[in-house]
Undergrad: 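Have a look at this one.
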Amino acid sequence: MNKYLLILSGLLVFSGATLNAQAVYNKGKLYVGSSSTNANLYIKGHLRMTGSGYIAHEGKTVLTGDLINDVTANTVFSTRNGSFEFRGDNAQQIRGTANKATSYVTFPNTVIINNKNSNAANTTVTIDPSKGITVKNLTFTRGRLVVESTARMEGTQRVTDIAHLYAETGGTIVYKHGQSDPVNEGAVQVNLAMGDNWNNGRMVGFSSPFKNIYADYFFFNFLAKPDTTGLYARTNDFWIKDPKVSLPAGRGYFMGQGLVPWGDSYYMETLNPAYASAQYADAAKDIFIFARRFAPASFTSFVAAAYGNTVPFEGEELNTGNVTVALSQGYNFLGNPFLTPLDLKELFGTPSTSTWGAAVTDLERTVYKLTSGHAEYLPNREFEFGTTYLNAQAVGATTSDTIAPMQMFVVRKTTAGNANFIIPASKRVQASFPHLRSETAPVVDELLIETQDGLTGDFDRLCVVFRNGASLLANDRYDAVKLFNHTGGVNQIYTRSSDNRNLITNVIPSNTKSMVMYLEPSARPQEVTLRASRIQSISSVPQVVLEDRQTGKVTNLKQTSVYRFQSSPSDRTDRFVLYFRDAPTAVDEIYSPVFRAGYESGGIGVYGLKDSWIGRDALVYDMLGQLLYRSKVIQAPSMRIERSLSKGIYMVKIAGENTVAAKFLVK
């Protein structure tokens, strides 16, 4: 017998106890049932395929360990008429050195039947993130097939590598749903990794890999459905608030987290009442697990609360055939509904040659791929949702443009009315393509402010974003409602929209002069540290200056990014003002031809005072915005402030409902 050829005519058992490292190493051709379809191969342990080895498969192979694919020259199974069973006592993996870019494991009829262990965590067959497999007919008797992913940095880009699962068109997948014991369930589980601290308030575009899912997977996280006008929040249903909303295949959505990483209890002010008892600890933070019965216990409890005793499994099955989506006039946010990359190169073919449906004739001939939510396209126009960029990709007959699994993309319908758009399963490709989530362009015009309590170390955050064309109303672009902690145990900061909504992320016009930053004080007096970050990204406004109304102190955050202050339960909530004016103190100045100041004989003369200003604070600042002296308006129409000053530019500000200021020069 050739040392690389083993022909099996009956039942042969390989026991891991007698083989190297409990594994079968196959370096050549391994025939299973070449002359008899009843032949069986039982491997107790791992099966490792190396060199140019493959299995000519017509019988049944049972594997209790891992399938280790080190073969890059072929697809491991050369014929596919038999069956392959994963029948482990514990969790099993499909792993190895061969990458999905060069080698898919092309399985015959496959059965998942982890039937000897009562622990649900062990009834899994996990596909390593670097691997790709093709299945013909897939039957779940017991356990899950887990499509695993991992987040990593690729240079300056953050990407998600996800295992690929190519379910052949015409094949069948038999699920086992609705079992009282999760161990006896049988389904595909998809893990979408985001990585540590992946969001920082960002929204990530995605599409469901199943025929249908419900929004409850994203409870206590932000979930958004963009409309046809663009990425902006222009409709009332932009933020999806109901856990029972259906998310059908082929549509693109945005998911994200709040900026607050505490573990205390919250509620989201504007969301469905079912969220009222949610804890932040229950939220998906670094990974989303699409597997209803196998998600964390907190998710299962939430689903039970939201739905009563009925948990809808219908629709949560892998997309294997064409997916049809209705397009409307304008921008249509779509997504790859498959767990393998999607080739768009024929998207704009003629109706006679295109497999994407007749609606392609109504499309602008550009497709937009989105990363973490920001895409530039065409001259002088842009989407704005996050802060990362990706140039538009024009798609033609000779250009291959690939969308990663679950990746969002956008097409624009130029004509009125609705039309069906087909995302064809035939355009799936077997290649390695990661889900890009951030690009090389830097964060621009974003200010992140964080406060940290001295007693407990708890912290809160808010984000201010400058954009031309933004409004001060809530729900502008990606404004996000504040998540409040109502235990009183921590200081909390937020801003307000012009329609009086409390916001944690606020997009404002670039010409904004100032805005109030509110502080909900902790129940305990303590020192608080305020830090400003991303300050180097600010280009739309010349200054970012913080005024503490409680103390009168002014800090130029572009020069000093850390400010420490004392917090007390009795403090005013409208404590801080952020100024963006280009002035020595960057305060919101109202210059009056009557109100003026000057330096005379070692003192400051102030003129144009009104009787109604008596009792107000008179504040003197230097050119760096530092408060030098605090006094009171004691008389009108003029007064003198005794203060010796060195050469330089100074300003006197009379604080009040209508603040006035006057600059003066000391020579």
Side-chain angles (χ1 to χ4, degrees), residues 16 22 40-47 57 60-69 76-77 82-96 105-129 131-149 162-168 171-192 209-211 213 217 287-297 299-300 303 311 313-320 339:
Q22 292 191 324
N40 292 274
L41 173 65
Y42 181 87
I43 303 173
K44 186 177 182 180
H46 304 322
L47 171 61
H57 199 280
K60 181 172 75 172
T61 299
V62 176
L63 178 66
T64 68
D66 297 348
L67 177 62
I68 306 169
N69 179 27
V76 177
F77 294 94
S83 65
F84 192 94
E85 292 187 4
F86 287 93
R87 192 191 288 262
D89 295 346
N90 295 296
Q92 295 174 264
Q93 287 186 308
I94 300 172
R95 55 188 176 91
V105 180
T106 305
F107 281 96
N109 300 322
T110 305
V111 179
I112 308 296
I113 182 171
N114 300 72
N115 66 344
K116 293 185 178 181
N117 198 299
S118 61
N119 185 343
N122 285 336
T123 58
T124 60
V125 178
T126 300
I127 311 172
D128 184 271
K131 302 295 170 286
I133 75 168
T134 297
V135 294
K136 186 178 181 182
N137 299 318
L138 177 62
T139 301
F140 290 94
T141 302
R142 197 168 190 255
R144 289 158 287 155
L145 181 60
V146 180
V147 180
E148 189 59 275
S149 64
I162 188 168
H164 294 171
L165 174 56
Y166 189 106
E168 291 187 1
T172 61
I173 301 180
V174 181
Y175 298 91
K176 190 174 183 182
H177 290 321
Q179 303 300 303
S180 59
D181 182 359
V183 173
N184 293 314
E185 289 282 347
V188 175
Q189 172 179 324
V190 178
N191 297 342
L192 188 62
F210 298 122
K211 296 175 182 177
I213 63 172
Y217 275 116
I287 191 170
F288 281 90
I289 300 175
F290 298 93
R292 191 168 299 277
R293 288 296 297 272
F294 303 100
F299 174 82
T300 304
V303 170
V311 181
F313 287 97
E314 297 81 4
E316 293 187 13
E317 298 183 348
L318 201 65
N319 292 310
T320 59
L339 286 176

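Keep in mind that this is a model prediction, so the values were computed, not measured.
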Undergrad: I need the Leu165 CG to Leu339 CG distance, nearest 0.5 Å.
TA: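 The CG atom of Leu165 sits 5.5 Å away from the CG atom of Leu339.
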Undergrad: Could you pull out all residues at least two apart from Thr172 that satisfy side chain to side chain donor-acceptor pair (under 3.5 Å)?
TA: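 Applying side chain to side chain donor-acceptor pair (under 3.5 Å) to Thr172 gives Asn137.
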Undergrad: List the residues meeting side chain to side chain contact (heavy atoms under 4.5 Å, CB included) with Asp66, not counting sequence neighbours, and say none if there are none.
TA: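 Testing Asp66 for side chain to side chain contact (heavy atoms under 4.5 Å, CB included), a comparison that skips the adjacent residues, returns His46, Ile68, Gln92, Gln93, Arg95.
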Undergrad: Please name all residues satisfying salt bridge (charged side-chain N to carboxylate O under 4.0 Å, His left out) with Glu148, sequence neighbours left out, ordered by chain then number.
TA: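 Salt bridge (charged side-chain N to carboxylate O under 4.0 Å, His left out) list for Glu148, sorted by chain: empty.
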Undergrad: Which heavy atom of Pro108 sits nearest to which heavy atom of Phe84, and what is that distance?
TA: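 Where Pro108 meets Phe84 most closely, the heavy atoms are CG-CB, 4.1 Å.
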Undergrad: Rounded to the nearest 0.5 Å, how far does CD1 of Ile133 lie from OG1 of Thr110?
TA: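 Rounded to the nearest 0.5 Å, the OG1-CD1 separation comes to 7.0 Å.
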Undergrad: Please name the pair of heavy atoms, one in His177 and one in Ala187, separated by the smallest distance, quoted to 0.1 Å.
TA: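 Between these two residues, the closest heavy atoms are CE1-CB, 3.8 Å.
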Undergrad: Specify the closest pair of heavy atoms between Leu318 and Tyr175, including all atoms of both residues, with the distance to one decimal.
TA: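 Answer, listing the atom of Leu318 first, then Tyr175: N-OH, 2.8 Å.
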Undergrad: Considering all heavy atoms of both residues, which atom of Asn184 and which atom of Lys176 are nearest to each other, and what is their separation?
TA: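 Closest pair (atom of Asn184, atom of Lys176, distance): O-CD, 3.3 Å.
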Undergrad: On a heavy-atom basis, which atom in Phe140 and which in Leu145 lie closest, and how many Å separate them?
TA: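 The answer is CE2-N, 3.6 Å.
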Undergrad: Report the residues that fulfil ring pair (Phe, Tyr, Trp, His ring centres under 6.0 Å) with Tyr166, sequence neighbours left out, ordered by chain and then residue number.
TA: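 Expected list: none.
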Undergrad: Would you mind checking if Arg292 and Glu316 are paired as a salt bridge, meaning a charged N to carboxylate O distance below 4.0 Å?
TA: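 Here Glu316 pairs with Arg292 in a salt bridge, since their nearest N and O are under 4.0 Å apart.
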Undergrad: I'd like to know if the side chain of Lys136 reaches the main chain of Glu168, judged simply by a donor and an acceptor atom lying under 3.5 Å from each other, with no hydrogens or angles considered.
TA: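 No: the side chain of Lys136 does not pair with the backbone of Glu168.
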Undergrad: Return the set of residues passing side chain to side chain donor-acceptor pair (under 3.5 Å) with Thr64 (not counting sequence neighbours), or none when no residue passes.
TA: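 If we apply the side chain to side chain donor-acceptor pair (under 3.5 Å) test to Thr64, skipping adjacent residues, there are no hits.
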Undergrad: Heavy atoms only: give me the nearest Ile162-Asn191 pair and the separation to one decimal.
TA: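 So the two residues come closest at CD1-O, 3.9 Å.
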Undergrad: First locate atom CZ of Phe107, then atom CG of Leu138, and finally report the distance between them rounded to the nearest 0.5 Å.
TA: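 Answer for the CZ-CG pair, Phe107 versus Leu138, is 10.0 Å.
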Undergrad: I need the Glu317 CD to Ile213 CD1 distance, nearest 0.5 Å.
TA: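 Between atom CD of Glu317 and atom CD1 of Ile213 there are 14.0 Å.
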Undergrad: Determine the interplanar angle of the Phe290 and Phe210 rings, folded into 0 to 90°, and report it as parallel if under 30°, tilted if 30 to 60°, perpendicular if over 60°.
TA: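 Ring orientation, 0 to 90° scale: perpendicular.
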Undergrad: Under the rule for side chain to side chain contact (heavy atoms under 4.5 Å, CB included), what residues qualify as partners of Ser83, not counting sequence neighbours?
TA: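 In terms of side chain to side chain contact (heavy atoms under 4.5 Å, CB included), with neighbours along the sequence ignored, Ser83 is linked to Lys60, Asn109.
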